[in-house]
Number of protein chains: 2
Amino acid sequence: MRRLDEVRGMATLPDVAQHAGVSTATAARALGGYGSVRESTRQRVLDAAEVLGYRPNVLARSMITGSTQTIGVVISDIENPFFRRSLRGITDTARSRGFEVLLANTDEELEKERSAVSLLAARRVDGMVVCPADAGDRKHLREVIASGTPIVLLDRRVSGLAADTVGIDNRKAARLATERLLSLGHERIAIVTGGTPEIRERLVRPDMRGVERLSATTVGSRAAGYRDALTAAGITMRPEYFSANGFRREDAVSEVHLLMDLPQPPTAILAFDSIQSLGALQCFRERSIRCPEHVSLLGFDDAEWADLVSPPLTVVTQPMYEIGVAACERLLDRIGGEQRSPVHDRLPTVFVERSSIGPPTHG
Amino acid sequence: MRRLDEVRGMATLPDVAQHAGVSTATAARALGGYGSVRESTRQRVLDAAEVLGYRPNVLARSMITGSTQTIGVVISDIENPFFRRSLRGITDTARSRGFEVLLANTDEELEKERSAVSLLAARRVDGMVVCPADAGDRKHLREVIASGTPIVLLDRRVSGLAADTVGIDNRKAARLATERLLSLGHERIAIVTGGTPEIRERLVRPDMRGVERLSATTVGSRAAGYRDALTAAGITMRPEYFSANGFRREDAVSEVHLLMDLPQPPTAILAFDSIQSLGALQCFRERSIRCPEHVSLLGFDDAEWADLVSPPLTVVTQPMYEIGVAACERLLDRIGGEQRSPVHDRLPTVFVERSSIGPPTHG
DNA sequence: ATGAAAGCGCTAACAT
DNA sequence: ATGTTAGCGCTTTCAT
């Protein structure tokens, strides 16, 4: 009775139409719920569809309508607490609005980002949420936007790109965190940024020229906030307290070791994300350094384990899930045709004081 | 010069063909790298594509070839360490083989699983990796498989389903873990399963009937392994030591509170996943229970924080990433046309002893 | 309210 | 080696 159905288990619109004794156009109208169809006909078509186990071919539909009801998400690493929580916000929101999510990891590598973006574009996603690599050119993003596919930037702002951005005020958050450390009496404060040596280079030169340009990146902004606080307190920034040698946990571990090996090791460390915090904690454990007695640790992002490590970590919290939600909503609005010029949402951060910071021990 | 390009930024094959002065077929061949094309023509086409910023429409291609080069992943929660690590294994593998990943969360809700699977099927994914909800019917999975789309089961085995499975030997792993606790002298061992009350009901009845059927689920298998060890040691399982009231951290926290409120609280707890471990740890902290002095804790899955919480957690490790890789490879093989009957991969677990377990304190 | 027919952008025979 | 010609399954005018 139904040929195609037997081949690949798929009945098509013509099959349904024939079974219901109507034209494909009518069947499509009945199924798609548009146009006008007499109730009795409608029912007949629906029944036929039911009987045949008909499932519309979304691909064919997309080809015509031009919409795939799919968004692409390009992030550096799903395993990073910030991204995975945000991703959950994105997927939940997308889902509730009838969109699917295509996922791609970049591991902070520009090349992977490029190919991911290009592949997603080829898949005709209706839009993308991307957390752009901290440096490098943005031609690929620009092209996508130019071709009419909206992009919303997550976490990181890119100057000169016609894209909405959702994140926090990184500079301010870092300044506040640093100030808290300062108020405790710390003067030797190091930052473990998880950034790349290149970024570091531009940030540590005497005049700090280029900080403004770099404030387009998270690391740059936070480093700038750190500098703001130090400067205001009349403290000179020491290049050796500026660590930026990779975003992985192992990178952080070795960087903190280096820090603690310094003739004048820092009395406090500000970690720029939860992976870096974990690395610092691991280093402390390896050296039997007591925290906060020997050194204070303040981190970004309230990971699920932050209150259960020892000592419980004091953190600057970003509303990770909400950032994802907001980013997705912005994107969906754009996809829906919203026109206004790019907006940059800055969600509020919260300072959660636990016990990993305390007054410095000078020795 | 290029009409379509101006409308939606998209040049089509005919555009490229015309620009290169060849037929669409030739252009397609040159671009697709199949058939035979003279080198000079090839170059001309490629150049034209470059100039026009041509991007093949994957949808149109998929409609014909019937392959979308996309796999769907249906898991309960990306935020669970096990799933996110596995997901990374899946995406990395898929990527390297030219497949994209469509993601869906189910939160262990059968209804969400059904709709996710159905949506992915409608998107014509070439296959799916799914971690099925612990209970309920599997008609939706069966239908997908019947329609010719292969499914590989992650973590959980479902009897009577023609699908490959990749996971560990849960029963054995749980038995070994329990035996370790037993060898330390514990007799009052509780399990925090993260399962549902329904599953628990079936497992705690005196005769334990139904355990076999339930061994199709992770919780069921692990509970069975726990029972195996207890039985072999001549210890009667106490229903009150069997906790199953939700998979979330909060659930675990309150369950462990309940456990510790018992007239005879357990001297050791076996947590069935890292979220449950986190919950137990949190409860301990809330009650100032010292671990392992007051109670031992042994968990499944070596989350990134496991060695940094206090006390460092003793765990049974699953090769999470590798499980994802294996699942994806199996799936890709099936998609590639492999026929053999369903295989059930069981990857090896490793016992990592840290300091959260010790001899019981009888009091 | 319904049908006929023209595509969407591409691939795949089948010719040449 | 290249071109011609059907479609894939659906939506969408334009008739009727």
Side-chain angles (χ1 to χ4, degrees), chain A residues 2-5 7-46 48-49 52-69 121-124 147-148, chain B residues 2-5 7-46 48-49 52-69 121-124 126 147:
Chain A
R2 28 191 160 124
R3 238 163 313 121
L4 284 166
D5 198 5
V7 180
R8 222 264 178 187
M10 284 303 156
T12 69
L13 226 195
D15 294 337
V16 176
Q18 186 187 335
H19 192 99
V22 296
S23 71
T24 60
T26 302
R29 283 190 271 257
L31 259 12
Y34 60 94
S36 33
V37 185
R38 198 190 312 152
E39 183 50 33
S40 62
T41 325
R42 230 181 73 83
Q43 221 23 269
R44 209 145 27 92
V45 174
L46 261 37
L52 300 180
Y54 170 75
R55 306 212 136 277
N57 186 326
V58 189
L59 297 172
R61 174 178 297 160
S62 292
M63 261 189 62
I64 297 171
T65 63
S67 141
T68 54
Q69 295 290 107
R123 303 249 152 169
R124 299 297 197 269
S147 83
Chain B
R2 29 193 161 127
R3 242 163 309 121
L4 284 167
D5 198 6
V7 180
R8 222 265 178 185
M10 282 306 154
T12 69
L13 226 195
D15 294 337
V16 176
Q18 186 187 335
H19 192 99
V22 296
S23 70
T24 60
T26 302
R29 283 191 271 257
L31 259 12
Y34 62 94
S36 36
V37 186
R38 199 192 309 152
E39 184 48 35
S40 63
T41 329
R42 231 181 73 81
Q43 222 22 269
R44 210 145 25 94
V45 175
L46 262 34
L52 300 179
Y54 169 76
R55 305 211 140 277
N57 187 327
V58 188
L59 298 173
R61 174 178 300 160
S62 292
M63 262 189 62
I64 297 171
T65 62
S67 142
T68 54
Q69 294 292 106
R123 303 250 151 169
R124 299 295 197 271
D126 294 337
S147 84

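Chain identifiers are assigned alphabetically (A, B, ...) following the order of the sequence lines, protein sequences preceding nucleic acid strands; residue numbering begins at 1 within each chain.
- In this structure, B:Arg61 has no salt bridge (Lys or Arg N to Asp or Glu O under 4.0 Å) partners at least two apart in sequence or on a different chain.
- Atom-to-atom, CG of A:Leu31 to C1' of D:dC10 comes out at 11 Å; the value is rounded to the nearest Å.
- Between A:Arg42 and A:Val37, the shortest heavy-atom distance links the atoms N-CG1, 3.7 Å.
- Comparing the end axes of the helix from C:dA1-D:dT16 to C:dT16-D:dA1, each fitted to five base pairs by superposing C1' atoms of four pairs onto the next four, gives an inter-axis angle of 30° (nearest 10 degrees).
- For A:Ser62, the side-chain contact (heavy atoms from CB on, under 4.5 Å) test picks out A:Val58, A:Thr68, B:Leu59, with sequence neighbours left out.
- Taking atom CZ on A:Arg55 and atom C1' on D:dC8, their separation rounds to 19 Å, with Å as the unit.
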Write down the protein N/O and nucleotide N/O pairs, taken from nucleotides 2-5 of chain C, whose separation is under 3.5 Å; answer none if there are no such pairs.
| residue | atom | partner | partner atom | Å |
| --- | --- | --- | --- | --- |
| C:dT2 | OP1 | A:Arg38 | NH2 | 3.3 |
| C:dT2 | OP1 | A:Thr41 | OG1 | 2.7 |
| C:dT2 | OP2 | A:Arg38 | N | 2.7 |
| C:dT2 | OP2 | A:Thr41 | OG1 | 3.3 |
| C:dG3 | OP2 | A:Ser23 | N | 2.8 |
| C:dG3 | OP2 | A:Ser23 | OG | 3.1 |
| C:dG3 | OP2 | A:Thr26 | OG1 | 2.7 |
| C:dG3 | N7 | A:Arg29 | NH2 | 2.8 |
| C:dG3 | O6 | A:Arg29 | NH1 | 3.4 |
| C:dG3 | O6 | A:Arg29 | NH2 | 3.4 |

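- Across all non-hydrogen atoms, the minimal contact from B:Ala17 to B:Ala27 is CB-CB, 3.8 Å.
- Residue A:Tyr34 has no polar side-chain atom (N or O) positioned under 4.0 Å from OP1 or OP2 of C:dA1.
- Atom CZ of B:Arg29 and atom CZ of B:Arg38 lie 13.0 Å apart (nearest 0.5 Å).
- Test A:Val16, A:Val45, A:Leu46 against A:Tyr54 for side chain to side chain contact (heavy atoms under 4.5 Å, CB included) and you get one pass: A:Val16.
- The distance from atom CG of B:Asp15 to atom C1' of C:dG9 is 10 Å, rounded to the nearest whole Å.
- Partners of B:Arg55 according to the salt bridge (Lys or Arg N to Asp or Glu O under 4.0 Å) rule, which considers only residues two or more places apart in sequence or in another chain, do not exist here.
- Between B:Leu52 atom CG and B:Thr12 atom OG1 the span is 9.0 Å, to the nearest 0.5 Å.
- Of all heavy-atom pairs between A:Ala48 and A:His19, the closest is CB-CD2, 3.5 Å.
- Separating the CG atom of B:Leu13 from the P atom of D:dG3 is a distance of 13 Å, rounded to the nearest angstrom.
- Within residues 56-64 of chain A, the residues that have a heavy atom under 4.0 Å from DNA chain D are, in order of number, A:Pro56, A:Asn57, A:Ala60, A:Arg61, A:Ile64.
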